[in-house]
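Computed from heavy atoms alone, side chains included, the values below leave out hydrogens, waters and symmetry copies.
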Amino acid sequence: MNDQPSDLENALDPHPDPRADAPVDDQIVYYEGSPKLRGELSTLAIWTLIGVFFAALPFLLAMMMTEVSWIVYAVGILLAIICWVIPSLLVRRNYYRVTNYRIDYEHGIVFKKMDTLELWHVEDVSLSQGPLDRIFNVGTILIISGDATTPQLPLKSISNPRKILETLKTRIIAVKRQRGVVKLDMG
């Protein structure tokens, strides 16, 4: 016996599923990834200097004192390695996924928090790049939205930011038109 409903049963169904014949929009991913370390050069420089200090500290102590335990050397080198790994962890704690309908934002290293910003909520987008950012082709896109949970969302140190910005502007207009969102200027 066939478990599929017949055409007669579908026609007589008082509560048909309105999504059954609706076209499914494919989700297109425009950007997916963490901020680039090359966009966080100041953070990298600071943690590198702190790591160099911890690596050099046992040797400085050895010059001032007659005898330094091997444990001091080990702790100094271990602290230096930790300081050199921290910038990589700091940029990887953020994760962005920009699609044709939404922006997913994940934040955290051990405990993760994920938020979604629908593009039709976006009111304005802007791009900021310093001279080094332009050289390394990274930048920060600031998204201003009417969303209560995410009024501002900075997409920090992403690669090809100008291309992402232009794509976002085009998609925001298209999604707002699709949803019938109209902005009224009361001035």
Side-chain angles (χ1 to χ4, degrees), residues 27-99 102-119 121-145 147-169 171:
Q27 192 169 20
I28 301 168
V29 177
Y30 298 116
Y31 182 84
E32 187 168 15
S34 295
K36 303 300 176 209
L37 190 56
R38 65 183 186 248
E40 301 293 328
L41 290 178
S42 60
T43 303
L44 180 63
I46 290 169
W47 282 103
T48 299
L49 289 174
I50 294 171
V52 168
F53 170 76
F54 281 127
L57 189 60
F59 297 102
L60 293 173
L61 289 173
M63 288 191 315
M64 294 185 330
M65 302 168 72
T66 57
E67 194 173 313
V68 176
S69 171
W70 66 270
I71 294 175
V72 174
Y73 287 102
V75 169
I77 298 299
L78 180 66
L79 288 174
I81 291 170
I82 290 171
C83 288
W84 294 329
V85 170
I86 285 176
S88 184
L89 290 175
L90 289 176
V91 295
R92 283 187 175 45
R93 71 180 171 189
N94 296 325
Y95 186 81
Y96 311 118
R97 186 167 188 257
V98 179
T99 69
R102 68 189 51 89
I103 300 170
D104 295 323
Y105 168 67
E106 215 173 300
H107 179 75
I109 295 174
V110 176
F111 298 100
K112 294 278 189 179
K113 179 185 177 206
M114 186 172 175
D115 200 4
T116 298
L117 176 63
E118 300 290 334
L119 290 184
H121 283 289
V122 175
E123 295 173 5
D124 193 21
V125 290
S126 65
L127 169 65
S128 62
Q129 283 182 301
L132 285 176
D133 292 337
R134 288 195 306 275
I135 290 170
F136 291 118
N137 194 24
V138 293
T140 297
I141 296 177
L142 179 62
I143 299 169
I144 309 293
S145 75
D147 187 57
T149 60
T150 314
Q152 288 190 351
L153 178 59
L155 305 177
K156 295 181 179 181
S157 301
I158 62 172
S159 57
N160 298 319
R162 193 173 298 268
K163 180 182 172 191
I164 305 285
L165 178 74
E166 293 303 320
T167 303
L168 267 174
K169 289 192 298 190
R171 283 305 306 159

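Side-chain contact between Val72 and Phe59 is absent, with no heavy atoms from C-beta onward closer than 4.5 Å. The shortest side-chain heavy-atom distance between Leu155 and Tyr31 does not fall under the 4.5 Å cut-off. Side-chain atoms of Tyr95 and Glu32, non-hydrogen and from C-beta on, do get closer than 4.5 Å to each other. Using a 4.5 Å heavy-atom threshold, the side chains of Val68 and Tyr73 count as touching. In this structure, Asp104 and Met114 have side chains that are in contact, with non-hydrogen atoms separated by less than 4.5 Å. The side-chain heavy atoms of Phe54 and Ile82, taken from C-beta on, include no pair separated by under 4.5 Å. Residues Ile143 and Leu168 are in side-chain contact: their nearest non-hydrogen atoms beyond the backbone lie under 4.5 Å apart.
Between Lys112 and Arg93, the shortest heavy-atom contact is NZ-O, 4.4 Å. Looking at every heavy atom in both residues, Gly51 comes nearest to Ala80 through O-CB, 3.1 Å. Between Ser159 and Ile164 the shortest heavy-atom distance is O-CG1, 4.1 Å. Taking each heavy atom of Thr140 and Lys156 in turn, the nearest pair found is OG1-CA, 3.6 Å. When every heavy atom of Phe136 is checked against every heavy atom of Leu41, the shortest pair comes out as CE1-CD1, 3.4 Å. Nearest heavy atoms, Tyr96 versus Pro154: OH-O, 3.5 Å.
Under the 3.5 Å distance criterion, the side-chain polar atoms of Thr150 are left unmatched by any main-chain donor or acceptor of Ser145. With Ser34 contributing its side chain and Asn94 its backbone, the two residues share a donor-acceptor pair below 3.5 Å. Of the possible polar contacts, one joining the Thr99 side chain to the Arg102 backbone as a donor-acceptor pair under 3.5 Å is found.
For the atom pair CG (Asp133) and CD1 (Ile158), the distance works out to 11.0 Å, reported to the nearest 0.5 Å. Note that the NE2 atom of His121 and the CG atom of Leu153 stand 13.0 Å from one another [nearest 0.5 Å]. In this structure, the separation between CD on Gln152 and CG on Asp147 is 12.5 Å, given to the nearest 0.5 Å. The CG atom of Asn137 lies 11.0 Å from the NZ atom of Lys36; values are rounded to the nearest 0.5 Å. Within the model, atoms CG of Leu57 and CG of Leu79 stand 9.0 Å from one another, a figure rounded to the nearest 0.5 Å.
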How far apart are the C-alpha atoms of Ile109 and Arg92, what are their side-chain angles, what is the distance that settles it, and do they pass the side-chain contact (heavy atoms from CB on, under 4.5 Å) test? CA-CA 8 Å; Ile109 295 174; Arg92 283 187 175 45; over 6 Å; no
Intermediate values then yes/no, side chain to side chain donor-acceptor pair (under 3.5 Å), Thr167 and Arg171: CA-CA 6 Å; Thr167 303; Arg171 283 305 306 159; over 6 Å; no
